[in-house]
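See below for the structure under consideration.
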Amino acid sequence: MKWLAKLKFLRHTAFDPFGWQADRKLERLLIARFEQQIKILLPLLNANNLEQACELVRSFDAIRGFGHIKQRNYQIADAKITALQADLLAQKRPRQAA
C-alpha cells in the first residue's frame, strides 16, 4: 500500500484512481453545494436568523459514512438544508439605518 500513498498528488485531479466512485462524486457535489449555501447565506445573515443559519451549516456535517449510508444521510440532510434555506429566503431582512 506504500505505492498508493505515493500517488496522493493525484487526488482531486482527472487522474484520481478513485475519483469516479459515487462517494467521491458526492463529496465534490457537497463541497460545491456548501460553498453555494455560504454565498447565499452571508448576505441574509442577521441577529434574528443566526441560529437558523448555523443549523443549516451544521446540517452538512450530518452527511457521514460510506456508500449507501452516506447516500441515505445525504438525502435526509438535503431535505433539511432545502427547508432551512427556503425559510431563510422567505424571511425579510430588516432594513438597515441609512
Side-chain angles (χ1 to χ4, degrees):
M1 289 304 217
K2 287 184 180 184
W3 63 270
L4 193 57
K6 291 181 181 182
L7 297 176
K8 270 187 178 181
F9 69 94
L10 294 176
R11 287 185 186 169
H12 308 291
T13 69
F15 302 106
D16 184 352
F18 303 106
W20 56 270
Q21 293 180 333
D23 281 351
R24 298 297 179 252
K25 289 178 182 180
L26 179 59
E27 287 169 3
R28 288 192 298 270
L29 172 77
L30 287 171
I31 291 168
R33 182 143 185 229
F34 182 78
E35 290 173 348
Q36 177 190 21
Q37 288 296 327
I38 296 299
K39 287 178 185 176
I40 292 169
L41 191 62
L42 285 177
L44 301 172
L45 197 57
N46 61 50
N48 296 329
N49 64 12
L50 180 62
E51 186 57 38
Q52 196 173 17
C54 289
E55 185 179 350
L56 188 148
V57 172
R58 283 190 298 263
S59 296
F60 282 91
D61 195 36
I63 306 169
R64 296 175 180 235
F66 296 98
H68 69 280
I69 295 169
K70 182 177 234 170
Q71 188 64 38
R72 185 188 66 220
N73 289 338
Y74 170 69
Q75 291 171 349
I76 293 167
D78 182 50
K80 185 175 181 180
I81 290 166
T82 302
L84 286 168
Q85 181 185 10
D87 288 346
L88 284 167
L89 290 172
Q91 295 175 6
K92 292 184 180 180
R93 288 180 63 187
R95 294 183 182 234
Q96 296 177 355

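For clarity, every value in this text was computed on a predicted model and none was experimentally measured.
Minimum heavy-atom separation, Leu56 to Ile81: CD1-O, 4.0 Å. When every heavy atom of Leu88 is checked against every heavy atom of Leu44, the shortest pair comes out as O-CD1, 4.2 Å. Looking at every heavy atom in both residues, Ser59 comes nearest to Leu84 through OG-CD1, 3.9 Å. Of all heavy-atom pairs between Ala53 and Leu45, the closest is CB-CD1, 3.6 Å.
Judged as a salt bridge (Lys or Arg N to Asp or Glu O under 4.0 Å), and not counting sequence neighbours, the contacts of Glu55 are Lys80. Applying the side-chain hydrogen bond (donor to acceptor under 3.5 Å, both in side chains) test to Gln52 and every residue at least two apart in sequence or in another chain returns Gln91. The salt bridge (Lys or Arg N to Asp or Glu O under 4.0 Å) check on Lys25 picks up nothing, with sequence neighbours excluded. With sequence neighbours excluded, no residue satisfies side-chain hydrogen bond (donor to acceptor under 3.5 Å, both in side chains) with Arg72. In terms of the side-chain hydrogen bond (donor to acceptor under 3.5 Å, both in side chains) criterion, residue partners of Asp78 (sequence neighbours excluded) are, by chain and number, Arg33. Partners of Phe60 according to the ring pair (Phe, Tyr, Trp, His ring centres under 6.0 Å) rule, which considers only residues two or more places apart in sequence or in another chain, are Phe34. Asp23 is linked by a side-chain contact (heavy atoms from CB on, under 4.5 Å) to Phe66, Lys70, counting only residues two or more places apart in sequence or in another chain. Listed by chain and number, the residues in a side-chain hydrogen bond (donor to acceptor under 3.5 Å, both in side chains) with Glu51 are Arg58 (sequence neighbours excluded).
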Could you list the donor-acceptor pairs under 3.5 angstrom formed between side-chain atoms of residues 2-10 and any protein atom two or more places apart in sequence or on another chain?
none

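The 12-atom threshold is exceeded at CZ of Arg28, counting heavy atoms of other residues, nucleotides or ligands nearer than 6.0 Å.
Note that CD of Glu35 is 9.5 Å distant from CD1 of Ile38, once rounded to the nearest 0.5 Å. Separation of atoms CD (Gln37) and CG (Leu42) is listed at 11.0 Å; rounding is to 0.5 Å. The line from CG of Leu26 to CD of Gln21 is 12.0 Å long, rounded to the nearest 0.5 Å.
Judged as a ring pair (Phe, Tyr, Trp, His ring centres under 6.0 Å), not a single pair has a partner in residues 67-87 (not counting sequence neighbours). Under the salt bridge (Lys or Arg N to Asp or Glu O under 4.0 Å) criterion, no residue pair touches residues 81-90, with sequence neighbours excluded.
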